[in-house]
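I have placed the structure first, in the form of structure tokens, so that the comments after it can refer back to it.
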Protein chains: 2
Amino acid sequence: MSTEEQPQRVMMTRAARRVLEAAERLFYERGIHAVGVDLIAAEAGVTKKTLYDRFGSKERIVVEYLTARDERWRAFLAPYLDAEGMTPRERVLAVFDASRAWSAEHGSKGCSMVNAHAEISDPAHPAFPVIAGQKEWMLALFTRLAGAVALDDADRLGRTLLLLHEGALVAHGLNIFPDPIAHARDEAAALLG
Amino acid sequence: MSTEEQPQRVMMTRAARRVLEAAERLFYERGIHAVGVDLIAAEAGVTKKTLYDRFGSKERIVVEYLTARDERWRAFLAPYLDAEGMTPRERVLAVFDASRAWSAEHGSKGCSMVNAHAEISDPAHPAFPVIAGQKEWMLALFTRLAGAVALDDADRLGRTLLLLHEGALVAHGLNIFPDPIAHARDEAAALLG
DNA sequence: CAGAGACTATACAGATCGGTATACTCGTGT
DNA sequence: ACACGAGTATACCGATCTGTATAGTCTCTG
């Protein structure tokens with residue numbers, strides 16, 4: 001099996017890690033187009049030379065930013081799902097609990113994938129598969145978890161849970177009403193009967 | 001009563017209208033930061049001089065863009081709600097029908113308010129009240145329409161409908177599964193009993 | 001016909017954009 | 001002892017960004 005997934009992987013040296021940390025914070029809080037590479041380098045305490053030696057382009061930093069964020073979210077979610085002695089119904093609700101905790105400790109500007117998608121017009125942009133993949137993964141997760149509650153209605157329930165979840169993230173980011181993720185959790189509970 | 005709402009209103013001449021039309025299309029499709037005033041002027045068939053004579057700043061164009069879009073949406077929605085002989089339940093579902101029709105004929109990049117919010121970091125930005133106002137209006141609408149179905153549960157239903165609606169717009173923009181707005185409509189119908 | 005407002009055309013200012021080049025330092029491993 | 005990779009510092013490239021200045025045209029109206 002050939003291992004030529006990407007043109008070349010990024011060497012995650014210490015400086016590269018600092019660049020990625022700075023980029024994650026700045027991209028999420030201010031938006032991707034609003035943040036320049038000079039600012040990222042300055043905030044990371046790194047020269048632009050180093051930044052370009054590691055990543056090669058800003059586009060690549062964006063892709064790594066989204067990929068890293070997705071991986072962190074899945075790692076953050078895992079213990080909520082792996083806890084022992086949960087009913088299938090509780091396991092669905094645990095996703096909302098995890099999202100609520102994530103949003104509390106990380107920023108409150110909504111979903112980074114949705115926000116990034118708003119700034120990217122070209123469908124051929126290498127960040128597109130990352131964004132689409134994250135949402136597909138979430139849909140598959142909800143569908144699988146819902147299947148353990150009501151096998152014959154997994155697809156419908158999975159989609160509805162995804163809509164509630166995405167809607168809650170948007171409502172949380174825009175501060176439309178207090179604690180929308182908790183509300184979505186309650187509605188998900190009612191939905192599962 | 002003093003009429004000093006804005007520093008000064010925008011004179012909507014023919015050229016100004018063309019600028020706003022171009023800005024609406026470009027901002028929505030490519031994002032706000034990714035579109036410069038030179039491009040807007042060129043697409044509108046207008047000089048930058050004229051653009052700045054009318055609007056004064058790019059920030060102002062952004063505000064007018066969002067305001068105009070909101071007004072168009074409300075005007076688009078109105079006939080769906082004003083139709084005669086609808087039950088309160090049907091009136092709620094009509095919002096989803098309107099959203100589906102709107103998304104079909106306009107772009108499919110999700111909610112322009114949510115997308116704009118993703119690009120604006122400063123809470124003091126004059127576009128903030130427009131964005132927040134639109135979502136508050138939608139929540140109030142859903143709550144009012146839900147109150148005609150089940151008066152004692154209007155607040156809860158209104159919020160849930162909003163989450164479903166926002167989630168559907170996101171899912172539509174990201175193309176996660178086919179026709180999510182129709183799915184949200186079906187779930188809203190089930191929710192209302 | 002004369003004035004006023006809306007508009008075009010072009011050039012430019014000052015800053016910032018993504019990206020590159022040169023020259024140097026430092027620490028590690030062999 | 002020496003090579004090498006990672007990093008710093010700084011200057012620069014062309015392009016593009018928001019915003020302004022000057023000069024002139026067009027059309028409508030009093």
Side-chain angles (χ1 to χ4, degrees), chain A residues 6-27 29-66 116 118-122 124-127, chain B residues 6-27 29-66 116 118-122 124-127:
Chain A
Q6 311 257 357
Q8 71 239 20
R9 278 235 50 77
V10 173
M11 286 208 49
M12 278 304 268
T13 63
R14 272 155 303 164
R17 232 179 303 274
R18 285 209 309 277
V19 167
L20 211 50
E21 284 166 13
E24 262 195 73
R25 182 169 42 82
L26 291 168
F27 282 158
E29 285 174 3
R30 307 192 196 179
I32 291 172
H33 279 114
V35 172
V37 289
D38 292 86
L39 179 59
I40 296 174
E43 291 276 307
V46 152
T47 60
K48 286 210 297 175
K49 176 71 162 64
T50 301
L51 185 151
Y52 274 97
D53 282 348
R54 294 297 129 248
F55 294 92
S57 71
K58 182 186 180 183
E59 192 175 70
R60 188 59 182 274
I61 299 180
V62 172
V63 174
E64 297 297 326
Y65 149 61
L66 293 173
E119 292 202 67
I120 299 174
S121 49
D122 179 18
H125 193 289
Chain B
Q6 310 256 357
Q8 71 240 15
R9 276 235 51 78
V10 173
M11 287 206 48
M12 278 304 268
T13 64
R14 271 156 304 162
R17 231 178 304 274
R18 285 211 306 279
V19 167
L20 212 49
E21 284 166 14
E24 262 195 73
R25 182 169 42 81
L26 291 168
F27 281 159
E29 285 174 3
R30 307 192 196 179
I32 292 172
H33 279 115
V35 172
V37 289
D38 292 84
L39 178 59
I40 296 173
E43 291 276 305
V46 153
T47 60
K48 286 209 299 173
K49 175 73 162 62
T50 302
L51 185 150
Y52 274 98
D53 282 348
R54 294 297 132 250
F55 295 92
S57 71
K58 182 187 180 181
E59 191 175 69
R60 188 60 181 275
I61 299 181
V62 172
V63 174
E64 296 297 327
Y65 149 60
L66 292 173
E119 293 203 65
I120 299 174
S121 49
D122 178 18
H125 193 288

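Chain naming here is simple, since letters A, B, ... match the order of the sequence lines and numbering starts at 1 in each.
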Side-chain heavy atoms of B/Y52 within contact of B/V37, under 4.5 Å: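 SC-SC contact between B/Y52 and B/V37 confirmed.
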Would you compute the distance between atom [atom1] of [X] and atom [atom2] of [Y] and round it to the nearest 0.5 angstrom?
X      : Y     : atom1 : atom2 : result
A/M12  : A/F55 : CE    : CZ    : 5.5 Å
B/I120 : B/L66 : CD1   : CG    : 6.5 Å
B/E64  : B/L20 : CD    : CG    : 6.5 Å

Rounded to whole angstrom units, what separation is found between the [atom1] atom of [X] and the [atom2] atom of [N]?
X     : N      : atom1 : atom2 : result
B/F55 : D/dT20 : CZ    : P     : 15 Å
B/D53 : C/dA4  : CG    : P     : 17 Å
B/I32 : D/dC17 : CD1   : C1'   : 16 Å
B/R54 : C/dA6  : CZ    : C1'   : 6 Å

Where A/L51 and A/V46 come nearest, the two heavy atoms and their spacing: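 For A/L51 versus A/V46, the nearest heavy atoms are N-CG1, 4.0 Å.
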Minimum-distance pair of heavy atoms, taken over all atoms of B/T47 and B/A41: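 Looking at all heavy atoms of both residues, the closest pair is C-CB, 4.1 Å.
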CZ/A/R25: more than 12 non-hydrogen atoms of other groups inside 6.0 Å: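 Counting other residues, nucleotides and ligands, CZ of A/R25 exceeds 12 neighbours.
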Exceeds 12 heavy-atom contacts within 6.0 angstrom, atom CZ of B/R18: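 Atom CZ in B/R18 is crowded, with more than 12 foreign heavy atoms closer than 6.0 Å.
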B/V10 backbone acceptor or donor facing B/R54 side chain under 3.5 Å: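 Checked: no pair found.
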Check: A/E119 side chain, A/H33 main-chain N or O, donor-acceptor pair, under 3.5 Å: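 Checking the backbone N and O of A/H33 against the side chain of A/E119, a donor-acceptor pair under 3.5 Å is found.
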Stretch residues 36-52 of chain B: residues that reach within less than 4.0 Å of DNA chain C through a heavy atom: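 DNA chain C contact set from residues 36-52 of chain B: B/G45, B/V46, B/T47, B/K49, B/T50.
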Taking only N/O atoms, report every protein-nucleotides 27-30 of chain D pair under 3.5 Å with atom names and distance.
none

Within residues 11-20 of chain A: residues closer than 4.0 Å to DNA chain D (heavy atoms):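 Going residue by residue through residues 11-20 of chain A, the ones with a heavy atom under 4.0 Å of DNA chain D turn out to be A/M11, A/T13, A/R14, A/A15, A/R18.
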